[in-house]
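Remarks on the structure that follows.
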Amino acid sequence: MEPRDLSSHTVYRAGRGIEEVARELGLDPDDMVKLASNENMFGPSPLAVEAIRESAERMHSYPKASHADLVEKVAALWDCQPEQVWLANGGDGALDYLARAMLEPGDDVLVPTPGFAYYPMSARYHHGGVAEYTIAKADDFAQTADTVLKDYDGERIVYLTSPHNPTGAEFSTEAVRTIAEETDEETLVLVDEAYGEFSDSPSMRPLLDERDDVAILRTFSKAYGLAGVRLGYALVPETWADAYARINTPFAASELACRAGLAALDDDGHVEQSVETAAWAREYIREELAADTWPSQGNFVLAEVGDASTVADAAQEEGIIIRDCSSFGLPECIRITCGTEADTRRAVSVLNDVIEVVEA
Ligand SMILES: *Cc1c(COP(=O)(O)O)cnc(C)c1O
């Protein structure tokens, strides 16, 4: 026998890890800097690390109190009802829950290109079809209501990424409101704010009070530095919130993840340090890198370097791992994650040498 027809499904390709690359190139992993997956350069919050250690001895129990406590805490943070908080195994898990709750077989979704690979993957897992709207490099990747609406054709879910990965561009609240207004009543506008903490612009949270067709995605993977524990959530309209109980995988977030999340939310200093350093690093990269770049509100910068794959390979041999954006359909661009001050300076210096050689 065989699995169902998975030929339209694509495989997610994560950025490569330091261990893997170091082994292949015969380099010392401690000398390598990975700025390829938009991870937090300061690591996890020390409070979260402590919470994980302390909770280790309770791992024989299912997460019950910790899950409820974290939902309460997140609800308080966003001033919404606990039922509006859909905790999940990473932001990706929350994308799955939304697809599971919204899609009937054959429903279509509308995703950005270039864009986050997991949107179409998640929709296809849930028997959905995928259409795309184009974010044009010729317009400097501008994200307006028209960018989306010109390609909208009644899809059930419209995915917006703000700040966008990998471009760093944003939607205004007004643009999101217009998109929600102009699309069908039965179309969910899902705003992915995975990088929201790094942005100077406000969250789309106020739209949840105005409308019942907007949801927001947030994650602990980026600013909170907890990518490894897998914790994220959706904030959903009040009216259909009880759907969570009907679609969620039991114990959607692990005990370890919930304890880490609770502690991380108490560590404002860690988030502030991460956000401030990212703001410094993205300006530094834009000023010092010998390549065209785009303004970014995330913890990364997109740069045009000619042949991204050659540049990425050459930088890697010098111990700097950055993201070749070929898989995003931008083979001339790289994405550089904001590092610590020292790592960012070293990455820019190595990249400038590499770019000079590659262009020569
Ligand atoms: C990182 C990221 C996410 C969420 O990642 P998780 O680790 O699953 O929480 C969601 N959307 C975008 C655009 C991202 O870059």
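In what follows, residues are counted from 1 in the order of the sequence shown. Read the numbers this way: they start at 1 and go in the same order the structure lists the ligands and their atoms.
Taking atom 11 (N) of ligand 1 as the reference point, the nearest protein heavy-atom neighbour is Asp192 OD2, 2.5 Å. Taking atom 1 (C) of ligand 1 as the reference point, the nearest protein heavy-atom neighbour is Lys222 NZ, 1.4 Å.
Looking only at distances, no side-chain donor or acceptor of Asp324 sits under 3.5 Å from a matching main-chain atom of Asp313. No side-chain donor-acceptor contact under 3.5 Å links Thr161 to the backbone of Asp192. No donor-acceptor distance shorter than 3.5 angstrom exists from the side chain of Arg218 to the backbone of Gly196, with no hydrogens or angles considered.
In the vicinity of Thr219, heavy-atom distances shorter than 4.0 Å reach the ligand 1 atoms 6 (P), 9 (O). In summary, the atoms of ligand 1 found under 4.0 Å from a heavy atom of Gly90, numbered by their order in the structure, are 8 (O), 9 (O). Counting atoms of ligand 1 from 1 in the listed order, those under 4.0 Å from a heavy atom of Ala194 are 2 (C), 3 (C), 10 (C), 11 (N), 12 (C), 14 (C). The contact set between ligand 1 and Ser221, taken as ligand atoms under 4.0 Å from a residue heavy atom, comprises 6 (P), 7 (O), 9 (O). Atoms of ligand 1 found under 4.0 Å from any heavy atom of Thr161 (numbered from 1 in listed order, with element): 13 (C). Close contacts of ligand 1 with Arg230, meaning ligand atoms under 4.0 Å from a residue heavy atom, involve 6 (P), 7 (O), 8 (O).
Considering backbone and side-chain N/O of Asp92, one or more are found under 3.5 Å from N/O of ligand 1. Checking only distances, Tyr195 does come within under 3.5 Å of ligand 1, N or O to N or O. Between Gly91 and ligand 1, an N or O atom pair is found at a separation short of 3.5 Å.
Note on ring orientation: taking the six-membered ring where Trp is involved, the planes of Tyr12 and Tyr118 are perpendicular (angle over 60°, cut-offs 30° and 60°). Taking the six-membered ring where tryptophan is involved, the planes of Trp86 and Trp240 are perpendicular, since the angle between them exceeds 60° and thus also 30°. Aromatic ring orientation, Phe198 versus Tyr195: tilted (interplanar angle from 30° to 60°).
Scanning all heavy atoms of the two residues, the minimum distance from Leu330 to Lys137 falls at CD2-CD, 4.4 Å. Listed here is the closest heavy atom pair of Tyr244 and Leu87: OH-O, 2.7 Å.
Distances from ligand 1 to the non-hydrogen atoms of Gly232 include no value under 4.0 Å. Not close to ligand 1: Asn38, with no non-hydrogen atom less than 4.0 angstrom away.
For His164 and Phe171, the gap between ring centers reaches or exceeds 6.0 Å.
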